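Encoded as structure tokens, the structure appears first; notes follow it.
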Amino acid sequence: MAETECDAEIIFSYLGVRYKSEAGVTILQALEDAGVYFTRGVGCRQGFCGACAMLASVESEPAGLFGVLACSTIVQSGLVLTPVSDARVHWKRIPDDEGLTYATITRYFPELATCIDCVACSDACPVGIHVHDAVVSLRSDSFEPVSEMTHECVSCSLCAIRCPRSISPHVVAQEVRRHTALRAPRSGRLLIRREQQLRAAAESNFEGGTRDD
Amino acid sequence: MRTSRYSYPEELRRSADLVHRTRGYRTSASVSFLEVGDLVEAHHPDFRTAGRSVIPFGPNEGQRAPDELVRVLTAPSLVDPSTVSLRPARATDILIIGAGGAGLAAAITAHDLGASVTITTKLRAGDSNTAMATGMACAVGESDSTELHFRDTLAAGHFAASEELVRAMVSEGPDILYWLEQLGVRLAKDRRGDHRLIGKGGGHSTARTVCSPGGLTGLELVRVLREEVRIRTIPVLEYAPAVELVMGSKGQCSGAVVLRTDTGQLEVISAKITILTTGGAGQLRVGGFATSNHHGATADGLVIAYRAGAGLREIDSVQYHPTGSAWPQATRGWLLTEGIRLSGAHLVNAVGERFVDEKRTRDVVTSAILRECAQGRGIGPTETCFGVWLDTPLLCELEPEFEASPIVHKYRRIGLDPCQEPLLVFPTQHYYNGGLCVDGWGRTHVPQLHAAGEVSGGTHGRNRIGGNSLLEVLVFGRRVARHAAEMVPTIARSPRLHLDHVKCHNGHARSSGETRSPVLFPYPSASTAKRFG
């Protein structure tokens with residue numbers, strides 16, 4: 001492929017080791033081509049699961065940390081990469097019967113109230129969620145927009161890793177999504193279908209049957 | 001026009017321009033496609049004679065299957081049974097191997113029925129093909145019924161599926177959807193709370209695919225289920241794939257040998273019932289195709305169960321999804337979901353024409369693309385056909401909201417804009433239609449060894465319709481766990497564990513080459529054997 005900007009050899013670093021790569025491939029492809037054998041830090045290989053999340057910077061500007069998914073980011077010269085998929089944060093839950101308000105959320109996640117609006121979380125997100133906007137939106141008790149904004153979250157923890165106040169925005173977002181979903185109107189048709197099905201199952205007395213090999 | 005970092009090279013550029021130029025004509029002209037006839041038999045990879053061999057031993061001895069599968073089924077074991085310490089490192093009532101949709105659903109269900117459950121998985125809990133699924137088929141539409149869903153599933157699978165399994169799957173759909181709502185899974189709904197259904201998929205006689213916003217159904221499901229497992233503090237062993245099953249004194253399955261991939265240590269987990277939820281085989285790349293599958297989809301469950309005496313069915317039937325991304329290299333293996341075709345994106349060949357009704361079942365559309373390539377109407381030279389075009393700019397015109405979809409974001413991140421440029425697509429290995437023979441409770445031929453999800457066969461016949469995989473993993477994950485939890489009190493733990501079946505297998509196994517199995521990771525199996533063998 002004669003693409004001049006891609007002809008140059010690419011040199012990047014992963015876990016402190018420098019690798020060469022051809023141009024136009026993903027970070028994951030570049031590492032596998034170089035012989036890295038992944039037994040962790042890789043998952044769906046197409047940007048859904050967050051297993052290959054990496055903290056990245058560019059050699060020329062080491063201060064600017066950002067997040068990438070190795071499976072769906074093109075490798076570039078000067079990238080410095082550290083995998084983070086096994087960074088674990090404390091998962092908490094807001095009980096189902098709690099009303100969903102900013103006051104409730106900060107009772108369970110008190111650190112949320114200490115946010116200094118530094119926007120590091122948004123810069124860290126490898127799928128481009130405006131995490132900080134979502135945090136701001138929580139303060140005005142508007143939860144449906146938060147659910148929408150964060151729906152692409154791959155739970156990679158990069159926002160939490162970068163937060164100077166130890167907030168885990170992805171955990172808060174998951175609870176907000178769950179609570180808004182629990183409060184969504186229920187389908188009457190589904191309830192009827194389910195009733196019919198349960199009744200039919202009780203009558204048919206299905207025993208699991210046989211294998212038709 | 002937006003300048004992409006990826007501009008198509010000259011020969012593709014000219015071909016892509018033809019897609020732009022013919023768009024007006026294609027959308028105004030009414031086309032009727034020739035009857036499908038023997039298209040599938042003539043062009044689907046399942047019907048190739050090359051690349052198949054006869055399975056030389058075991059429950060399916062004498063049957064033909066793809067070489068890639070026969071190789072892993074018949075290779076010597078990754079472990080040397082004489083060196084494995086059979087003293088269990090831990091014991092559990094129910095051992096669940098694999099933590100995708102079926103494994104997580106099974107764990108939650110069995111735990112809630114009071115059984116002690118342990119999950120062991122090769123990578124992280126939740127990392128799976130389930131996480132990538134775009135929708136779940138469920139008969140909740142106005143004009144739909146489980147009877148209709150039942151018939152569609154059987155017909156699309158060429159009547160090879162087990163009626164009992166299909167019946168069980170489709171009837172529990174509404175109950176599963178209700179369960180998901182109870183858990184707080186975020187689903188696309190209208191104002192009254194009724195579910196918004198993705199357009200009528202190939203093989204479905206009505207719209208019946210329930211989804212989460214943006215088609216991120218599997219992701220949302222996995223996030224919620226994983227959290228449910230976590231709050232129940234069910235033990236999950238990550239980076240611990242099962243490499244063999246262990247047997248008890250009466251020939252029953254009594255747990256598994258797991259490999260800690262970080263240390264290379266083997267340990268035995270003793271269990272009264274073992275549930276295999278290890279998923280599919282995409283990373284074997286049957287027929288040399290790319291795959292849309294997860295890193296871990298290497299047929300481990302099929303391999304270790306086969307050795308223990310469990311038979312397989314529809315062993316040669318693989319689903320190729322018609323629209324896998326074929327260019328640029330960075331996107332190879334990405335899936336362009338069926339919804340894109342259903343919403344009106346055309347498939348276009350090298351002469352700027354549509355060549356198949358894009359809304360047919362996956363096996364038909366796949367075969368049609370392969371036909372275009374074989375007959376010189378594919379993009380690029382016939383021998384190294386890139387595939388055909390998927391006219392995504394047309395879809396952006398028809399459905400402006402497509403522009404905000406996750407898949408468009410993903411392409412734009414690598415520098416190609418699907419709303420400006422059509423995409424090159426080629427069939428990609430997507431799903432293993434076959435699998436372990438099971439009954440309605442997931443019981444395999446081996447006592448106390450159950451299976452649920454893609455590793456089991458019989459629910460889809462020889463071709464799966466879209467949305468039935470999510471339904472299958474949840475319905476059977478829960479069914480199998482319910483049955484297992486009920487059986488646990490009646491089962492005594494085997495006093496003696498053994499790996500005689502592995503010794504016997506190694507006696508038969510071909511020692512040719514360096515393949516040892518399960519292969520665990522999608523790398524040359526020699527390197528896996530060197531690392532862990």
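Below, all heavy atoms of this structure are taken into account, side chains as well, without hydrogens, waters or symmetry copies. Quick caveat, the model's predicted, so the values are computed rather than measured.
When atom types are taken as modelled, the side chain of B:Lys189 and the backbone of A:Ala184 share no donor-acceptor pair closer than 3.5 angstrom. One N or O on the side chain of B:Arg124 and one on the backbone of A:Ser85 form a donor-acceptor pair closer than 3.5 Å. Under the 3.5 Å distance criterion, the side-chain polar atoms of A:Arg177 are left unmatched by any main-chain donor or acceptor of B:Glu220. Side-chain atoms of B:Lys410 come within 3.5 Å of backbone atoms of A:Gln46 as a donor-acceptor pair (strictly under, hydrogens ignored). A:Arg178 places no side-chain N or O within donor-acceptor distance of the main-chain N or O of B:Val185, the cut-off being under 3.5 Å. Using a distance-only test at 3.5 Å, with no hydrogens or angles considered, no donor-acceptor pair links the side chain of A:Gln197 to the main chain of B:Asp175. Looking only at distances, no side-chain donor or acceptor of A:Arg194 sits under 3.5 Å from a matching main-chain atom of B:Ile176.
Residue contact with chain B, scored on non-hydrogen atoms closer than 4.5 Å, involves the side chain of A:Leu191 exclusively. Interface remark: A:Cys153 contributes backbone and side-chain atoms alike to the contact with chain B (heavy atom separation under 4.5 Å). Looking at B:Tyr239, only its side chain comes within 4.5 Å of chain A, counting heavy atoms on both sides. With a threshold of 4.5 angstrom between heavy atoms, B:Ser171 approaches chain A through its backbone and through its side chain. If you measure heavy-atom distances from B:Leu335 to chain A, the contacts under 4.5 Å come from both the backbone and the side chain. For B:Glu11, no part lies under 4.5 angstrom from a heavy atom of chain A.
Here CD of B:Glu181 is found 5.5 Å from CG of A:Leu190. Values are rounded to the nearest 0.5 Å. Atoms CZ and OG1, from B:Arg332 and A:Thr26 in turn, are 12.5 Å apart once rounded to the nearest 0.5 Å. Here A:Cys49 contributes atom SG and B:Leu219 contributes atom CG; the two are 9.0 Å apart, rounded to the nearest 0.5 Å. Atom SG of A:Cys44 and atom CG of B:Asp127 lie 7.5 Å apart (nearest 0.5 Å).
The shortest distance between side-chain heavy atoms of B:Arg191 and A:Pro185 does not fall below 4.5 Å. Side chains of B:Cys138 and A:Arg193 form no contact here, defined as non-hydrogen atoms less than 4.5 Å apart. Residues A:Phe48 and B:Leu216 are in side-chain contact: their nearest non-hydrogen atoms beyond the backbone lie under 4.5 Å apart.
Using modelled atom types and a 3.5 Å distance limit, the side chains of A:Arg186 and B:Gln182 yield a donor-acceptor pair. Remark: the A:Arg45 side chain and the B:His294 side chain contain no N/O donor-acceptor pair separated by less than 3.5 Å.
Scanning all heavy atoms of the two residues, the minimum distance from B:Gly193 to A:Ser187 falls at O-CB, 3.0 Å. Taking each heavy atom of A:Ser72 and B:Trp334 in turn, the nearest pair found is CB-CZ2, 3.5 Å. The two atoms that bring A:Gly24 and B:Ala330 nearest to each other are O-CB, 3.6 Å, heavy atoms only.
No more than 12 heavy-atom neighbours from other residues, nucleotides or ligands sit within 6.0 angstrom of CZ on B:Arg196. The neighbour count for A:Lys92 NZ, taken as heavy atoms of other residues, nucleotides or ligands under 6.0 Å away, is above 12.
The greatest number of non-hydrogen atom pairs below 4.5 Å with chain A, out of B:Ile231, B:Val224, B:Asn129, is found for B:Ile231. Ranking B:Arg167, B:Arg192, B:Glu227 against chain A, the residue ahead of the rest is B:Glu227, based on heavy-atom pairs under 4.5 Å. Comparing A:Val25, A:Val42, A:Val127 by how many heavy-atom pairs each has under 4.5 Å with chain B, the most go to A:Val42. Among B:Gln329, B:His409, B:Arg230, the residue making the largest number of heavy-atom pairs under 4.5 Å with chain A is B:Arg230. The candidate from B:Thr261, B:Asp262, B:Asp194 with the greatest count of non-hydrogen atom pairs under 4.5 Å with chain A is B:Asp194. In terms of non-hydrogen atom pairs under 4.5 Å with chain B, the most contact-rich of A:Gln196, A:Glu148, A:Arg183 is A:Glu148. Interface remark: of the candidates B:Gly458, B:Gly457, B:Pro213, B:Gly311, B:Pro213 forms the most heavy-atom pairs closer than 4.5 Å to chain A. Looking only at heavy-atom pairs under 4.5 Å with chain A, the residue among B:Gly214, B:Ala139, B:Ser325 that has the most is B:Ala139.
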Determine, step by step, whether B:Arg223 and A:Val154 satisfy the side-chain contact (heavy atoms from CB on, under 4.5 Å) criterion, reporting the C-alpha distance in whole Å, the side-chain angles of both residues, the deciding distance to 0.1 Å, and the verdict.
-> CA-CA 8 Å; B:Arg223 287 191 298 225; A:Val154 295; over 6 Å; no

Can you list the steps and then say if A:Arg189 with B:His195 is a side-chain contact (heavy atoms from CB on, under 4.5 Å)?
-> CA-CA 9 Å; A:Arg189 205 160 61 216; B:His195 297 269; over 6 Å; no

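Screening residues 167-195 of chain A for ring pair (Phe, Tyr, Trp, His ring centres under 6.0 Å) gives A:Trp91-A:His170 as the qualifying pairs, with residues at least two apart or on separate chains.
Chain B is approached within less than 4.5 Å, heavy atom to heavy atom, by A:Gln29, A:Glu32, A:Val36, A:Tyr37, A:Phe38, A:Thr39, A:Arg40 from residues 28-40 of chain A, ordered by number.
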